[in-house]
Amino acid sequence: MRIIVVGTGYVGLVTGACFAESGVTVTCVDNNAEKIQQLKNGNIPIYEPGLESIVKRNVEKKRLRFTTVLTDCLDDSEVIFIAVGTPPGEDGSADLKHVLDVAHEIGRSMTHHMVVVTKSTVPVGTSEKIREAIRGELDRRKARLDFDVASNPEFLKEGAAVDDFLKPERIVIGVDNEKSTEVMRRLYMPFVLNNHPILFMDIASAEITKYAANAMLASRISFMNEIANLCDILGADINHVRKGIGSDSRIGSKFLYAGTGYGGSCFPKDVKALIKTARDNGYELHVVTATEMANEYQKNIIFKKISKHFGNDLKNKIIAVWGLSFKPKTDDIREASSISLISKLLSAGAKVKAYDPAAMEETRKVLGESIEYAVDPYEAARYADALALMTEWSEFHLPDFSVLNSIMNSRVIFDGRNIYDPAELRKHGFTYFGIGRR
Ligand code: NAD
């Protein structure tokens with residue numbers, strides 16, 4: 001079987017490489033020539049555990065190749081996945097420009113029947129827009145070709161993307177006929193040998209399932225953050241509360257961690273887009289709107305705590321920031337809380353020294369030389385007036401506190417992910433601030 005994946009970002013590259021791993025011949029297409037050249041040279045443009053080896057292996061076996069030219073591979077492929085970005089537009093809606101550009105390009109160059117599958121996260125009705133765009137181009141060139149559209153939202157998590165794709169908990173596929181159902185079933189069969197389900201449904205339901213999943217997860221985070229903030233006020237500990245409620249099987253223990261608010265390339269934009277879709281259809285999603293408001297507040301929580309600690313005077317204070325990516329095991333800094341914190345610290349006149357195991361290059365693209373990039377966590381902390389832990393990378397879990405004690409200018413830690421034991425830190429002479437930790 002031959003397939004095409006358009007877009008070689010976090011989703012497209014993982015999708016292409018993992019399908020190739022199952023024996024399918026995959027062409028990955030991207031209009032970013034630099035990215036494609038990097039991939040052709042054997043370099044992986046993103047940090048994602050396990051991805052490099054799987055890409056290399058499948059390139060060597062000639063099951064995976066890269067191009068900037070869609071027409072190079074259209075001839076003999078049965079399925080084409082659209083996995084390009086859907087960034088937020090100014091009004092919060094998903095910007096479908098890239099998705100529809102690809103649809104037009106497919107319509108302009110298609111030579112035979114194909115199933116056109118949307119993997120990008122898109123609002124209800126997008127598959128119909130894709131169908132119209134392709135049909136319009138086919139009509140323009142008087143081509144009498146048949147094609148199908150399908151929706152296959154992606155649920156992988158950055159940092160565990162390869163594993164999530166190879167061993168998914170479920171696969172959601174929106175289809176409107178038997179033919180595309182069968183093609184998609186065949187393609188995904190190797191990934192459900194663990195008996196996890198492929199859930200076939202209508203296209204609109206598949207499109208909304210992705211947004212509903214992200215909004216539900218985001219709301220759990222915002223809920224816990226609000227309870228943590230209340231714990232701060234009332235002198236309770238959110239970690240006890242988390243265990244207390246998480247052991248109720250109706251609630252479950254996952255995704256109950258308080259922190260500095262959700263970030264990344266998905267939750268913030270998908271929550272906004274879902275609110276906008278509802279409003280466009282005359283409906284107000286109150287819970288989802290509150291989730292977003294709570295998150296906006298939470299993204300400033302560490303700045304507020306730092307500012308308060310220093311009596312609202314951060315001029316020339318040196319703040320060390322550990323962790324820049326929006327979560328561990330990725331170099332993705334889109335909507336990361338660390339970036340909001342750093343921007344606020346700089347505006348308040350503070351100096352920032354940062355360290356992240358993978359995301360320094362990406363951060364430099366956004367913040368340039370406005371901050372200092374340290375070679376390791378201790379260098380970041382040297383002479384600092386406070387340390388803010390923003391991403392819970394494993395290497396930050398057990399630092400040598402006696403070394404930190406000796407190199408920091410003043411011993412204050414703001415633990416944005418609640419990974420440290422306040423009592424232990426106090427023993428080492430630190431003033432500790434967590435999120436909802438008394
Ligand atoms: P990304 O920004 O990392 O990658 C998108 C890629 O598409 C880029 O390489 C870009 O050059 C390419 N592209 C844009 N327009 C193109 C065109 N016309 N032709 C060819 N290539 C084009 O994005 P991503 O994080 O991989 O996300 C892609 C989609 O998947 C989004 O809709 C996102 O919401 C969704 N999604 C992302 C994740 C995630 O964790 N990143 C998880 C699930 C779903």
Side-chain angles (χ1 to χ4, degrees), residues 6-7 9-12 81-104 116-136 148-158 170-176 180 199-223 225 255 261-299 326 332 334-335:
V6 187
Y10 289 88
V11 168
F81 284 91
I82 303 178
V84 297
T86 46
E90 270 176 20
D91 59 359
S93 61
D95 182 348
L96 297 178
K97 180 189 177 309
H98 303 301
V99 169
L100 294 177
D101 280 355
V102 175
H104 282 284
V116 181
V117 186
T118 314
K119 202 164 241 324
S120 302
T121 303
V122 293
V124 171
T126 305
S127 295
E128 283 318 306
K129 288 185 182 162
I130 291 172
R131 198 197 302 273
E132 281 163 25
I134 297 174
R135 175 61 55 214
D148 288 304
V149 294
S151 163
N152 170 217
E154 181 52 58
F155 295 93
L156 62 75
K157 302 182 287 297
E158 283 178 28
R170 73 341 197 155
I171 292 157
V172 169
I173 302 182
V175 276
D176 60 2
S180 21
L199 303 170
F200 285 102
M201 56 185 77
D202 61 275
I203 291 175
S205 300
E207 288 172 333
I208 203 164
T209 296
K210 173 68 191 175
Y211 284 103
N214 277 359
M216 166 78 89
L217 293 169
S219 73
R220 270 173 88 95
I221 294 174
S222 278
F223 177 85
N225 284 337
F255 250 78
Y262 57 77
S265 66
C266 292
F267 286 4
K269 83 171 170 60
D270 293 349
V271 164
K272 280 191 177 66
L274 186 60
I275 294 168
K276 180 72 169 62
T277 298
R279 275 188 195 147
D280 287 349
N281 288 278
Y283 189 68
E284 195 63 29
L285 289 170
H286 299 289
V287 174
V288 187
T289 305
T291 295
E292 199 201 12
M293 281 166 60
N295 197 56
E296 289 303 314
Y297 179 88
Q298 202 67 15
K299 285 186 104 166
F326 83 95
D332 198 341
R334 288 178 279 186
E335 304 272 347

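Atom OG of S265 and atom CD of E158 lie 4.5 Å apart (nearest 0.5 Å). Within the model, atoms CG of N214 and CG of L274 stand 9.5 Å from one another, a figure rounded to the nearest 0.5 Å. Taking CG from N295 and OG from S222, the interatomic distance works out to 4.5 Å, rounded to the nearest 0.5 Å.
Residues D202 and S205 have side chains that bring a donor and an acceptor to within less than 3.5 angstrom of each other. Between the side chains of E207 and T126, not a single donor N or O lies within less than 3.5 Å of an accepting N or O.
The main-chain N or O of S151 is never found under 3.5 Å from a side-chain atom of S127 such that the two would form a donor-acceptor pair. N281 places no side-chain N or O within donor-acceptor distance of the main-chain N or O of Y283, the cut-off being under 3.5 Å.
The neighbour count for I208 CD1, taken as heavy atoms of other residues, nucleotides or ligands under 6.0 Å away, does not exceed 12.
D91 and K276 are joined by a salt bridge, as a carboxylate oxygen and a charged side-chain nitrogen come within less than 4.0 angstrom of each other. A salt bridge links K299 with E335; the closest basic N to acidic carboxylate O contact falls under 4.0 Å. Taking the charged nitrogens against the carboxylate oxygens, R334 and D332 do have a contact shorter than 4.0 Å, which makes a salt bridge.
Y211 is listed as a side-chain neighbour of P123, based on a closest heavy-atom distance under 4.5 Å. Put simply, the side chain of H98 does not reach to within 4.5 Å of the side chain of T86, judged on heavy atoms. Residues V99 and V122 have side chains in contact (heavy-atom distance under 4.5 Å, counting atoms from C-beta outward). Considering only heavy atoms from C-beta on, I221 comes within 4.5 Å of F255 through its side chain. Within the 4.5 Å cutoff, the side chain of V117 has no heavy atoms near those of the I82 side chain. Counting only heavy atoms from C-beta outward, the side chains of E90 and D95 never approach each other to under 4.5 Å.
For R131, the side chain to side chain donor-acceptor pair (under 3.5 Å) test picks out E128, D176, with sequence neighbours left out. In terms of the side chain to side chain contact (heavy atoms under 4.5 Å, CB included) criterion, residue partners of R170 (sequence neighbours excluded) are, by chain and number, F155, V172, P197, L199, A213. Legend: residues meeting side chain to side chain contact (heavy atoms under 4.5 Å, CB included) with A218, ordered by chain and number and at least two apart, are Y262, F267, V271, T291.
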Would L285 and R279 count as a side chain to side chain contact (heavy atoms under 4.5 Å, CB included) if you check the C-alpha gap in whole Å, the side-chain angles of each, and the deciding distance to 0.1 Å?
CA-CA 8 Å; L285 289 170; R279 275 188 195 147; over 6 Å; no
One pair to check against side chain to side chain contact (heavy atoms under 4.5 Å, CB included): V149 and T118. What are the steps and the verdict?
CA-CA 8 Å; V149 294; T118 314; over 6 Å; no
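The nearest pair of heavy atoms linking N152 to I173 is ND2-CG1, 3.9 Å. Contact detail for P153 and A206: the closest heavy-atom pair is CG-O, 3.4 Å. For the pair A103 and A133, the tightest heavy-atom approach, listed with the atom from each and the gap, is CB-CB, 3.9 Å. Residues K210 and E154 come closest through the heavy atom pair NZ-O, 2.7 Å. Taking each heavy atom of I203 and V175 in turn, the nearest pair found is CG1-N, 3.7 Å.
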